S.K.: 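Sharing a structure, written as structure tokens. Questions coming.
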2 protein chains.
Amino acid sequence: MNANRKFKDSIYEQFARISKALSSPKRLELLDLLCQAERSVELLAKLTGLSVANASQHLQVLRSARLIEAEKQGLFVIYRLADEQVRDLLYALRGLAEKRLTEIEHTTRQFLENHPGLEPVDRDTLRERVRSGAVTLIDVRPTEEYLAGHIQGARCIPLDELEKHLDRLPKDQEIVAYCRGPYCVLAVEAVERLRARGFKAFRLEDGVYEWQLLGLPIDAESPAA
Amino acid sequence: MNANRKFKDSIYEQFARISKALSSPKRLELLDLLCQAERSVELLAKLTGLSVANASQHLQVLRSARLIEAEKQGLFVIYRLADEQVRDLLYALRGLAEKRLTEIEHTTRQFLENHPGLEPVDRDTLRERVRSGAVTLIDVRPTEEYLAGHIQGARCIPLDELEKHLDRLPKDQEIVAYCRGPYCVLAVEAVERLRARGFKAFRLEDGVYEWQLLGLPIDAESPAA
DNA sequence: GCTATATTCAAGTAGTTTATCGAATACTTG
DNA sequence: CAAGTATTCGATAAACTACTTGAATATAGC
């Protein structure tokens, strides 16, 4: 009977390895970035605001829980998700958090109140208008994420290079920007900058994953801008 | 720009609330039990081998992450899952752990080596034979779990009361026992006891949840034994 | 109102773990 | 070998962990 207890304890300890690795906000953010595209330590550190050494250690934690994999490419070490199921688990976690923790909605609403007029556009009407060409859809994430996968019909206009592309964007037509998802602020920033210059810009809340879940078309590896 | 960092940090902190609550083996075990049926603190403490005070504290942690709910019923406080999605998240976690952490398979195999001949029976052939009546399927979990939901056609024979039911079990026919799932040892124990008495007993690895996922029929609230 | 029972609370302990930093080290490429 | 990238080491301070003990609270039945 004591052997049973020991068996159970060691099994649940293994399960807990995964959730322990997920129990740090910074690691969740790292994983979230890796859901979009694979990346080097340095880049991940910059995107999350961590020191390189610190980011590296967080990444080791995730790796020893077998959630991500590392591959050496020349000078860089490229990290990527170890399994598609990791993405699913992460989004299940996010979904449950959104549903059960009302604080998240509060925080989001508060944030959007500081950026007035940025309520997300409706997904269904958007889809219709993208199809008919009545709307220009732009993906404002870094180019490597666009390449890894983007909504069909979207143009690749990373936020950093927004100004370069201004003359190729229509002034009279609606422009809809999207990024990594509801908690990524790239699209918010993009819309604000575009509006300041007189464009009719709006924000799509979804990211590529949400779009894909709905069975909507995704393209990859075709960097047409 | 600093506001963006703050926003992200507080969002990911909320997500981490959930995974922090899941990061303890004992809490995972408690949740696992609550996936089968709602229960009082005292019972949960006994089943997990925790002191009542300690179990209560773990339950508070789960509750403050909104994963479970408490309801006072007379002297007892009954805990239950707060949402179906909690079960899904838990099983997603388990699934990923099984797939990625080979240690789990090792531990399980090692455990089964100490209980020879207890390899689980095949789910598909079982189903056929249950339907045709060539097999007696028994649910050896506590009665309250059977009532909350059991595989269609299974008889309620809690492990504690196994001996009481012996004379109503067939000696010439195969008996298949199941419990909470692959890491619950009730069925293992049941099969060993039955075999010691000359029954042709086998073990089904699945629990109710796995059965349900396969779209197979579940019954509830009909305590026919 | 008294008593038995179930649960929670508060406080304390001992041990572990955490995130983080800066410097040292290892590796790769030109 | 020089420059750039990543990991490791050592150390720090803080925070947190699971758990125990004993008291407090709540409820039901007598």
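All of these numbers come straight from a predicted model, not from anything done at the bench. The sequence lines fix the lettering, A, B, ..., with proteins before strands; numbering per chain opens at 1.
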S.K.: Short of 4.0 Å, heavy atom to strand atom, which residues of residues 43-51 of chain B count as contacting DNA chain D?
M.R.: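 Only B:Leu50, B:Ser51 qualify.
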S.K.: I'd like to check the side-chain contact (heavy atoms from CB on, under 4.5 Å) partners of A:Glu84; sequence neighbours left out, ordered by chain and number.
M.R.: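 side-chain contact (heavy atoms from CB on, under 4.5 Å) list for A:Glu84, sorted by chain: A:Arg87.
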S.K.: Looking at DNA chain D, which of residues 28-37 of chain A put a heavy atom within less than 4.0 Å of it?
M.R.: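 Heavy-atom cutoff 4.0 Å gives no residues at all.
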S.K.: Can you find a pair of side-chain heavy atoms, one from B:Asp32 and one from B:Leu90, that are under 4.5 Å apart?
M.R.: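 Yes - at least one pair of side-chain heavy atoms lies under 4.5 Å apart.
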S.K.: Salt bridge or not for A:Glu113 and A:Arg109, using N-O below 4.0 Å?
M.R.: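 Looking at A:Arg109 together with A:Glu113, the answer is no, because their closest N to O distance does not fall below 4.0 Å.
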S.K.: Could you give the start and end, 5' to 3', of the contact zone on DNA chain D for chain B, using atoms under 4.0 Å from its heavy atoms?
M.R.: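 Going 5' to 3' along DNA chain D, contacts run D:dA18 to D:dA28.
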S.K.: Holding to side-chain contact (heavy atoms from CB on, under 4.5 Å), I want the full list of residues that pass it with A:Arg63, two or more places apart in sequence or in another chain.
M.R.: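 For A:Arg63, the residues satisfying side-chain contact (heavy atoms from CB on, under 4.5 Å) (neighbours in sequence not counted) are A:Gln60, A:Ile68, A:Ala70, A:Tyr79.
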S.K.: Answer yes if the side chains of A:Tyr146 and A:Asp219 hold a donor-acceptor pair under 3.5 Å, and no otherwise.
M.R.: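 No, A:Asp219 and A:Tyr146 have no side-chain donor paired with an acceptor closer than 3.5 Å.
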S.K.: Which residues pass the side-chain contact (heavy atoms from CB on, under 4.5 Å) test with A:Val208, not counting sequence neighbours?
M.R.: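 Once residues adjacent in sequence are excluded, the partners of A:Val208 under the side-chain contact (heavy atoms from CB on, under 4.5 Å) criterion are A:Arg141, A:Tyr178, A:Ile218.
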S.K.: Identify every side-chain donor-acceptor pair in residues 21-30 of chain B under 3.5 Å, counting partners at least two apart or on other chains, and give the distances.
M.R.:
| residue | atom | partner | partner atom | Å |
| --- | --- | --- | --- | --- |
| B:Ser23 | OG | B:Lys20 | O | 2.7 |
| B:Ser24 | OG | B:Lys26 | N | 3.3 |
| B:Ser24 | OG | B:Arg27 | N | 3.2 |
| B:Lys26 | NZ | B:Thr48 | O | 3.0 |
| B:Arg27 | NE | B:Ala21 | O | 2.7 |
| B:Arg27 | NH1 | B:His58 | ND1 | 3.2 |
| B:Arg27 | NH2 | B:Lys20 | O | 3.3 |
| B:Glu29 | OE1 | A:Arg5 | NH2 | 2.7 |
| B:Glu29 | OE2 | A:Arg5 | NH1 | 3.4 |
| B:Glu29 | OE2 | A:Arg5 | NH2 | 2.7 |

S.K.: So which protein N/O to nucleotides 10-19 of chain C N/O distances come out below 3.5 Å?
M.R.:
| residue | atom | partner | partner atom | Å |
| --- | --- | --- | --- | --- |
| C:dA19 | OP1 | A:Arg27 | NH1 | 3.3 |

S.K.: Could I get the full list of side-chain contact (heavy atoms from CB on, under 4.5 Å) partners for A:Ser40, not counting sequence neighbours?
M.R.: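 Once residues adjacent in sequence are excluded, the partners of A:Ser40 under the side-chain contact (heavy atoms from CB on, under 4.5 Å) criterion are A:Glu42, A:Leu43, A:Phe76, A:Ile78.
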S.K.: So what is the end-to-end bend of the helix from C:dG1-D:dC30 to C:dG30-D:dC1, with 5 pairs used at each end and the value given to 10 degrees?
M.R.: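 Answer for the end axes of this duplex: 40°.
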S.K.: Using the ring pair (Phe, Tyr, Trp, His ring centres under 6.0 Å) criterion, which residues pair with B:Phe111? Sequence neighbours excluded.
M.R.: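 If we apply the ring pair (Phe, Tyr, Trp, His ring centres under 6.0 Å) test to B:Phe111, skipping adjacent residues, the hits are A:Phe7, B:His115.
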S.K.: What nitrogen or oxygen pairs link the protein and nucleotides 27-30 of chain C at under 3.5 Å?
M.R.:
none

S.K.: Counting just side-chain N and O atoms, does B:Tyr79 come under 4.0 Å of either OP1 or OP2 of C:dT8?
M.R.: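 Yes, B:Tyr79 has a side-chain N/O under 4.0 Å of OP1/OP2 on C:dT8.
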